[in-house]
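Below is one structure, written out as structure tokens, with a few remarks after it.
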Amino acid sequence: MEKNIRISFCILGSFILAFLNHGIFERSRLGLFPGGYGSHVLGVIIVNLANIVSLVGFLLIIVFSVILIINNIDFSKIHDKKD
């Protein structure tokens with residue numbers, strides 16, 4: 001049971017990473033540069049880094065969801081039904 005809770009927290013953290021590219025956080029990320037982030041090299045780096053971290057968040061959601069599903073399948077019941 002504790003393993004499921006840990007994986008659920010990993011999924012929650014992955015959601016936070018995935019929503020880094022959401023519109024709510026976009027204004028705070030782009031608000032660092034008053035003239036727009038396009039003229040600053042640091043702004044472009046921050047935006048591209050946020051896009052990559054958001055993609056990693058989505059991939060981690062998929063991976064941890066599959067792990068959680070596999071952990072909750074009871075293979076002994078599936079094996080007993082074949083006999």
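Numbering of residues begins at 1 and proceeds along the displayed sequence.
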Spacing of L60 atom CG and L55 atom CG [to the nearest 0.5 Å]: 9.5 Å
Search all heavy atoms of F64 against all heavy atoms of I7 and return the closest pair with its distance. O-CG2, 3.5 Å
Quick one: sort the H22 and F19 rings into parallel, tilted or perpendicular, breaks at 30° and 60°. perpendicular
Between N4 and N71: side-chain donor-acceptor atoms closer than 3.5 Å: no
Do S54 and L17 make a side-chain contact, defined as non-hydrogen atoms from C-beta onward lying under 4.5 Å apart? no
Only one of V63, I69, I70 passes side-chain contact (heavy atoms from CB on, under 4.5 Å) with I67, and that residue is V63
Value rounded to 0.5 Å, distance of CD1 in I52 from CG in L20: 11.5 Å
At their closest point, which heavy atom of I11 faces which heavy atom of L68, and how far apart are they? CD1-CD2, 4.0 Å
Compare every heavy atom of A18 with every heavy atom of I61, then report the nearest pair and how far apart it is. CD1-CB, 3.9 Å
